[in-house]
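Below is one structure, written out as structure tokens; the observations come after it.
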Protein chains: 2
Amino acid sequence: MVKTLRESAKEMTAAATARLRHAGLRPTRQRVELASLLFKTCDRHVTAESLHDEVSDAGVKVSLATVYNTLHQFTQAGLLRQVIVDSSRSYFDTNTGDHQHFFLESEGMLIDIPGETIAVAGVPAPPPGLAVDRVDVVVRVRRS
Amino acid sequence: MVKTLRESAKEMTAAATARLRHAGLRPTRQRVELASLLFKTCDRHVTAESLHDEVSDAGVKVSLATVYNTLHQFTQAGLLRQVIVDSSRSYFDTNTGDHQHFFLESEGMLIDIPGETIAVAGVPAPPPGLAVDRVDVVVRVRRS
DNA sequence: CAACGGGATTAGAACGATTCTAAACTATGA
DNA sequence: TCATAGTTTAGAATCGTTCTAATCCCGTTG
Ligand SMILES: [Mn+2]
Ligand SMILES: [Mn+2]
Ligand SMILES: [Zn+2]
Ligand SMILES: [Zn+2]
């Protein structure tokens, strides 16, 4: 039961299509290509630019605007989550579960820290009228 | 020993001038004005825009470029620190000590959480070749 | 106190990331 | 196959920020 490259590609396309349908998104050529790249491996962190470069390098024609649209749609559908670590670029994370990050600013690199690893204690109650949405921990690192 | 407004202003100017000198920065009219506003009260969180509006509303003429320059110079001098909570705007904090923040995204509002309040345990060692620079905790809140 | 020299300020252009517009295209269901 | 609403896209626009290069001014010197 050895699979050819073409067979694997077909399976990924099918999986991506199913995932999109399940999320209520039309499985267009562009979305299927992007979903295949994003979810082929686990725990990816991409920017619109990096994903656009990746899909372009794979010989697939998708506009940058569509990459932006798709990243936002995937995020709204719960397939991605946004990670805020840089004041001039948006990162998107294929790991939507509870976890934290190392961030190496000089390279724009994010590394996952599993959710149970870090414990945050003593978060005070927010001021009246406000409710906690989430608690983000970013461990900023540098080359040493 | 009641002080007139003019006397208070003169004292603030003197304090700001001293602070700038101590940081190795020439006390220009613009820097003194900005430092006076920033350090008149404690624990402020500003953006370049908000500070520019504030100084403009006070009737002082300072260009936006100078506000940007000054915020960066003050940060380098250790008078301010940058807070990264938004992927499209930079915030600067007059509290340079160890502390954390509530962030109300819908209003771009930051609220301090004193440094001893939150305890972060279990931060893993970074991958080889990397060293921890700082650990940031952001408690994202919403109206409720 | 006038001149000088280098840092500081500024208007306006440039930039990079992102969003918008509106026209062309396509997935889907009848 | 057709109609329709959703999708894609090139290019323009926007927004926060940085850059450029001309002008200005703080602090020192003579
Ligand atoms: Mn590209
Ligand atoms: Mn303004
Ligand atoms: Zn992650
Ligand atoms: Zn603060």
Side-chain angles (χ1 to χ4, degrees), chain A residues 13-14 16-37 45-56 60-77 79-80 82-92 105 108 110, chain B residues 13-14 16-37 45-56 60-77 79-80 82-92 105 108 110:
Chain A
T13 293
T17 299
R19 195 190 285 259
L20 290 170
R21 284 233 153 79
H22 187 262
L25 295 167
R26 280 196 196 177
T28 63
R29 174 179 65 81
Q30 293 86 341
R31 284 177 182 159
V32 170
E33 294 285 2
L34 293 171
S36 295
L37 285 177
H45 305 98
V46 302
T47 63
E49 270 260 65
S50 77
L51 184 58
H52 181 257
D53 286 352
E54 188 178 337
V55 75
S56 298
V60 178
K61 235 190 105 186
V62 179
S63 75
L64 184 56
T66 295
V67 173
Y68 275 103
N69 290 340
T70 301
L71 286 173
H72 288 137
Q73 290 152 357
F74 284 12
T75 300
Q76 257 188 275
L79 300 173
L80 294 176
Q82 210 165 343
V83 182
I84 298 179
V85 287
D86 185 300
S87 58
S88 73
R89 232 196 304 278
S90 274
Y91 289 83
F92 294 85
E105 174 163 37
L110 282 165
Chain B
T13 292
T17 299
R19 195 190 286 260
L20 290 171
R21 285 233 153 79
H22 189 262
L25 296 167
R26 279 198 197 173
T28 63
R29 175 180 63 81
Q30 293 85 342
R31 285 178 182 158
V32 171
E33 294 284 2
L34 292 172
S36 294
L37 286 176
H45 303 98
V46 303
T47 63
E49 270 260 68
S50 78
L51 183 58
H52 181 256
D53 287 352
E54 189 178 338
V55 76
S56 299
V60 178
K61 238 191 102 185
V62 179
S63 76
L64 183 55
T66 294
V67 173
Y68 275 103
N69 290 339
T70 301
L71 286 173
H72 288 136
Q73 291 152 356
F74 284 13
T75 300
Q76 257 188 270
L79 271 39
L80 293 176
Q82 210 165 345
V83 182
I84 298 178
V85 288
D86 186 300
S87 57
S88 72
R89 231 194 301 278
S90 275
Y91 289 82
F92 295 85
E105 175 164 36
L110 282 165

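In what follows, every chain begins at residue 1, and chains take the letters A, B, ... in the order their sequences are listed.
Inter-residue side-chain proximity for A:Leu51 and A:Glu54 is flagged as met; some heavy-atom pair is nearer than 4.5 Å. Side-chain contact between B:Glu49 and B:Asp53 is present, with at least one heavy-atom pair separated by less than 4.5 Å. Considering only heavy atoms from C-beta on, B:Phe74 comes within 4.5 Å of B:Leu20 through its side chain.
For the pair B:Arg21 and D:dG27, the criterion of a side-chain N or O lying under 4.0 Å from OP1 or OP2 is met. OP1 or OP2 of D:dT9 has at least one side-chain nitrogen or oxygen of A:Gln30 nearer than 4.0 Å. In this structure, A:Arg26 does not reach the C:dT28 phosphate: none of its side-chain N or O atoms is under 4.0 Å from OP1 or OP2. At D:dT7, none of the side-chain N or O atoms of A:Thr28 fall inside 4.0 Å of OP1 or OP2 (strictly under the cut-off).
In this structure, B:Leu25 atom CG and C:dG6 atom C1' are separated by 15 Å, rounded to whole Å. The CG atom of A:Asn69 sits 18 Å away from the P atom of C:dA17 (whole-angstrom rounding). For B:Leu20 and D:dG27, the CG to P distance is 10 Å, given to the nearest whole Å. D:dT7 atom P lies 12 Å from atom CD of A:Gln76, rounded to whole Å. One atom, CD of A:Gln73, and another, P of D:dT7, lie 6 Å apart when rounded to the nearest Å. B:Leu71 places its CG atom 15 Å from the P atom of C:dA8, with the value rounded to the nearest Å. In this structure, A:Arg29 atom CZ and C:dT28 atom P are separated by 14 Å, rounded to whole Å. Taking atom CD of residue A:Glu33 and atom P of nucleotide C:dT26, one finds them 14 Å apart after rounding to whole Å.
B:His22 places no side-chain N or O within donor-acceptor distance of the main-chain N or O of B:Ala18, the cut-off being under 3.5 Å. The main-chain N or O of B:Val46 is never found under 3.5 Å from a side-chain atom of B:Ser50 such that the two would form a donor-acceptor pair. Judged purely by atom type and a 3.5 angstrom limit, B:Ser56 uses its side chain to pair as donor or acceptor with the backbone of B:His52. A:Arg29 places a side-chain N or O within donor-acceptor distance of the main-chain N or O of A:Lys61, the cut-off being under 3.5 Å.
Side-chain proximity of B:Thr66 to the nucleotides C:dA8, C:dT10, C:dT28 is greatest for C:dT10.
An angle of 10°, rounded to 10°, separates the two end axes of the helix from C:dC1-D:dG30 to C:dA30-D:dT1, each defined over five pairs.
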Table of protein N/O atoms under 3.5 Å from nucleotides 11-18 of chain D N/O atoms:
from   : atom 1 : to      : atom 2 : distance (Å)
D:dG16 : OP1    : B:Arg89 : NH1    : 3.2
D:dG16 : O3'    : B:Ser88 : O      : 3.4
D:dT17 : OP1    : B:Ser90 : N      : 2.7
D:dT17 : OP2    : B:Tyr68 : OH     : 2.5
D:dT17 : O5'    : B:Tyr68 : OH     : 3.1

May I have the step-by-step check of side chain to side chain contact (heavy atoms under 4.5 Å, CB included) for B:Thr70 and B:Gln30, ending in yes or no?
CA-CA 9 Å; B:Thr70 301; B:Gln30 293 85 342; 5.6 Å; no
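With sequence neighbours excluded, the residues that form a side chain to side chain contact (heavy atoms under 4.5 Å, CB included) with B:Ala65 are B:Ser63.
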